[in-house]
Every structure is written in C-alpha cells, then in structure tokens.
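Structure, as structure tokens:
First listed ligand is number 1; within each ligand, the first listed atom is number 1.
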Amino acid sequence: MALMIKGGTVVNADQTLKADVLCVDGKIVQVGADLPVPAGAEVVDAGGLYVMPGGIDPHTHMQLPFMGTVATEDFYTGTAAGLAGGTTMIIDFVIPNPQQPLMEAYQTWREWAAKAVSDYSFHVAVTWWDDSVGSDMERLVKEEGVNSFKHFMAYKNAIMAEDETLVNSFSRCLELGAMPTVHAENGELVYHLQRKLIAMGLTGPEAHPLSRPSEVEGEAANRAIRIAQSLGVPLYLVHVSCKEAVDEIARARHEGQRVYGEVLAGHLELDDSVYRNKDWEFAAAHVMSPPFRPKGHQEVLWKALQGGTLQTTATDHCCFCADQKAMGRNDFSRIPNGTAGVEDRMMVLWDSGVNSGRLTMNEFVAVTSTNAAKIFNVYPQKGSVSVGADADIVLWDPAASHTLSAKTHHQNIDFNIFEGRTVQGKPAYTISQGKVVFANGELKVERGAGRYIKRPAFPNIYEAVERYNRTHVPVPVERD
Ligand code: URP
Ligand code: ZN
Ligand code: ZN
Ligand code: ZN
C-alpha cells in the first residue's frame with residue numbers, strides 16, 4: 001500500500017524543506033523533491049500544507065477507573081479523537097491498585113487498549129512496594145517494552161506513593177534503564193487542606209485549587225528531584241503547572257541534573273477563575289489536578305516551554321461527564337479529577353504558540369512530538385518525517401480556522417475546557433501507519449488498527465548517566 005504526499009513543506013524539529021513524502025506499508029520510504037508517483041499509489045495534494053510528525057500525547061487516561069467511576073473516553077473513541085486533532089500516538093498509564101501485581105494490571109490495560117485506532121504505549125505506575133514489584137518492573141522493561149514508571153505523590157489513601165516507594169522504585173529504574181516520572185503534589189498536605197476547607201464550610205469546586213496551592217506542587221517537585229539527584233537517576237515531571245515547580249526544574253537543570261518537564265495545554269491557557277464560576281457544573285468540569293493556577297503562572301509555563309526548561313506538551317486527557325462530576329456535589333474532594341484535550345492540544349499549541357511567535361514551527365514539532373519520542377525512546381520511529389520512520393503524519397493547514405466546542409469535538413465528553421475558542425491552524429489530513437484516517441473533518445478509522453508500541457530501555461541519555469555514576473562511585477579509605 002503506497003501513499004504519496006505531494007507538494008508539501010516538511011517540517012521536522014530540526015529543519016524545514018520542500019519535499020514529497022512516499023509511504024509504503026506504514027513506513028516512510030522516501031523524502032525528496034519531485035518524487036515520481038509509483039503506479040497504484042494514492043496521492044494526497046499537500047500544496048499549502050505543512051507535513052509534520054503526528055502528535056504524541058505522552059499523558060492520557062483512557063477509560064481510567066478513578067475516584068469511584070470510570071473515565072468515559074475509551075481507547076477507541078479517545079485515539080480517534082486524537083487523530084482528528086493530529087495526534088497519532090498516545091502514551092497512557094497502567095495504574096495498579098495498591099497491592100495489585102503490576103503485570104496483572106498491565107495485562108488488563110493491554111486488553112482494554114486492543115480497540116485503539118492509533119498507535120499507543122504505556123507508562124506503568126508504581127503505587128506500592130515490595131520485592132515482587134521490582135521483579136515485575138524488570139519483566140515489564142525486558143519483555144514488554146515499558147521504559148517509564150509513574151509515581152503519584154498525591155491521592156492519599158488511594159494510589160499515592162510514599163517516599164519509601166519513590167526511593168525503591170527510582171533505584172530500580174536506574175538498574176533497568178527506565179525513566180521514573182512523577183505527579184508532583186504533596187498528598188499529605190492536600191489531604192490536610194481538603195479536610196480543613198470542608199470544616200470551614202468550603203465544599204464547592206472553588207475549594208479545589210485552595211486545597212492544592214502551587215507550593216504543594218513545588219515541595220513535591222523539589223523532593224522528587226532531590227531524590228533523583230541522590231540516586232543519580234534522570235526524572236520526568238508530568239503536568240508541571242506552576243512557577244514553583246518550573247523553578248525547581250530550572251535549578252536542577254542549571255546544576256547539570258537530567259530532569260525533564262511536561263506541560264498541559266490546559267495549564268498554559270486557563271487560570272483558576274474557572275473555579276469561582278457561579279455555575280457549579282462549569283466549575284466542577286474544570287476540576288483536575290494539579291488545578292488551573294492563578295493568573296501569572298501561565299506566562300511562566302510558556303516561557304519555560306520556549307526556553308527549554310519544559311520539553312513536552314500533553315493533555316492528561318481524562319474524561320468525566322457532568323453526572324460523574326456530580327458525585328462531588330456536597331464535597332469538592334469527591335469530584336472525579338480530570339479534563340479532556342487530546343483532540344485540541346495541537347491546535348491550541350499552534351494557535352497560542354506559533355501564531356503568536358512564541359514557538360517556531362520546528363519548536364512546535366519538538367514540543368508536540370519529537371521531544372516525547374526522544375525522552376521515551378521511540379525516536380526516530382516516531383516524532384520524525386524521515387526515511388525509515390513510521391508513517392504517522394499530520395498535514396497541517398495554517399490558513400484554516402476551527403472553533404473548539406463540545407458540540408462538534410470527537411471527544412467522548414460533554415464539556416470542552418476551550419469551548420468557543422477559534423483557533424487558526426488545524427489538521428487537514430491525519431495519516432496513521434501510512435493510511436489517511438482523517439480528511440476534511442471526517443474520520444475513517446478502523447477499530448483495533450492501533451498497535452502497542454514497545455519502548456526499549458536505556459534511552460541514549462543512559463550512556464552518560466551510567467558513565468557519570470560509575471566515575472562517582474565512592475571508594476573506601478585503605479587503612480592498616
Ligand atoms: O486530575 C487528573 N489529572 N486526573 C488524572 C490523574 C492524574 O493525576 O494524572
Ligand atoms: Zn497526575
Ligand atoms: Zn494524569
Ligand atoms: Zn473536530
């Protein structure tokens with residue numbers, strides 16, 4: 001099966017060039033000017049379009065069982081919505097219950113994800129610790145292609161990882177050549193503040209951001225970074241939402257530590273005034289953690305993304321509808337945490353990033369796909385329009401505009417946090433595994449066509465990590 005993308009401008013993280021792209025059997029086989037069209041090839045006219053690597057959303061939660069309910073968006077609808085927005089791969093999370101074997105949870109998530117329409121991969125959360133967890137981590141790395149493990153420092157009495165778990169799991173990650181990642185919020189403080197606010201009569205969604213102020217994130221970010229530093233292991237912080245956490249990452253990087261940060265489209269764009277809306281449903285629809293931050297933090301996040309302190313963008317796509325949010329009618333701490341965006345991320349990033357001059361097109365590609373592919377070790381299979389790469393491509397129309405809305409989006413949720421926003425720049429075509437799966441607003445997806453993507457351990461940074469750690473091994477003093 002051959003697909004020729006004719007007459008477009010290829011935009012990669014490292015360069016922009018006028019070139020045709022030939023895809024055969026799901027792979028890119030030629031990139032060059034004026035390529036001849038092979039007999040029988042389907043031709044897509046990319047005149048006036050940018051030919052970019054499909055987006056990689058490294059943080060989604062399809063059909064997640066969480067806070068007493070299950071996220072409405074499943075792997076079928078969620079990956080389809082991603083394709084409609086130019087995202088061709090997600091990295092979702094396997095989240096075992098405390099005491100549940102990691103391998104068991106992993107198998108469950110693999111079964112759920114079999115209906116995906118785009119490629120996907122998994123981070124696995126470490127929510128508890130004993131030796132069997134360390135053994136399962138090894139199996140996951142060596143047999144299943146999992147090279148990243150997630151730690152929730154929040155959600156006390158549920159999936160929160162204590163410091164003991166962080167230390168054991170980060171150490172194991174180092175041995176296995178995997179990347180530890182953290183949701184950085186001090187869960188003990190959140191729990192304390194939630195109880196205190198409710199006792200004060202603050203039971204509505206306006207109390208949600210008050211229960212998780214930015215210092216709560218800054219403390220946990222610093223703790224995770226310092227633990228990683230002590231152990232000599234790299235670290236990736238998911239959904240960095242505030243100045244305090246950015247400052248910790250910047251400091252660590254400035255001091256030579258390999259620390260990476262992800263920012264969500266929502267945190268770049270929205271502020272915490274949404275929680276004070278008179279409409280309870282509107283306010284509750286924005287409840288996610290970390291919360292949207294007071295005005296000012298957004299600009300800090302943008303500058304950190306522009307300046308390279310933060311390297312990736314994601315959505316934390318985790319859909320709960322109004323009836324589910326209503327579980328917290330009388331107690332904000334019971335509102336299921338999560339917001340959507342897998343379909344919107346690329347358009348919002350282009351509109352706010354490229355159209356404003358904050359990001360070059362190449363930087364846009366870096367922060368929407370290439371950097372995630374590199375950090376999570378699937379580059380250049382993903383994150384690159386080059387010979388040998390998977391033919392996961394978005395043909396971007398910079399002239400077209402689109403209004404984001406729950407009425408028209410493909411996401412399986414009754415709310416859109418970007419409701420009514422008109423963006424300029426959107427996918428004209430999305431190509432997954434060399435097939436056109438989205439064109440002119442229409443999805444043409446096949447249930448189960450998505451493949452599980454294995455991500456090998458020891459990303460290239462590990463060579464340096466290991467060499468550095470070897471040369472810093474303490475030696476005993478020889479005494480008579
Ligand atoms: O509110 C959120 N973010 N829900 C999903 C779980 C998580 O913390 O990432
Ligand atoms: Zn989180
Ligand atoms: Zn999440
Ligand atoms: Zn749409």
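Looking only at distances, no side-chain donor or acceptor of Arg212 sits under 3.5 Å from a matching main-chain atom of Pro291. Side chain of Gln411 to main chain of Val342: a donor-acceptor pair is present (N/O by atom type, distance under 3.5 Å, no hydrogens or angles). Of the possible donor and acceptor atoms, none in the side chain of Glu73 sits under 3.5 Å from a partner among the backbone N and O of Cys318. Counting only distance, with no hydrogens or angles, the side chain of Tyr106 and the backbone of Asp136 share no donor-acceptor pair below 3.5 Å.
For the pair Val190 and Val216, the minimum side-chain heavy-atom distance is below 4.5 Å.
Listed by chain and number, His59, His61, Phe66, Phe152, Tyr155, His183, His239, Met288, Ser289, Asp316, Cys318, Asn337, Gly338 each place a non-hydrogen atom less than 4.0 angstrom from ligand 1.
Around the Zn ion (ligand 3), protein N, O or S atoms at less than 2.8 Å number 3.
Sequence neighbours left out, the pairs with a member in residues 290-301 that pass side chain to side chain donor-acceptor pair (under 3.5 Å) are Glu217-Arg293, Ser241-Arg293, Asp271-Lys295, Glu299-Arg358. Applying the salt bridge (Lys or Arg N to Asp or Glu O under 4.0 Å) definition to pairs two or more places apart or across chains, none involves residues 56-69.
For the residue pair Asp119 and Gln433, a side-chain donor N or O sits within less than 3.5 Å of a side-chain acceptor on the partner.
Using a 4.0 Å cut-off between charged nitrogen and carboxylate oxygen, Asp351 and Lys426 do not count as a salt-bridge pair.
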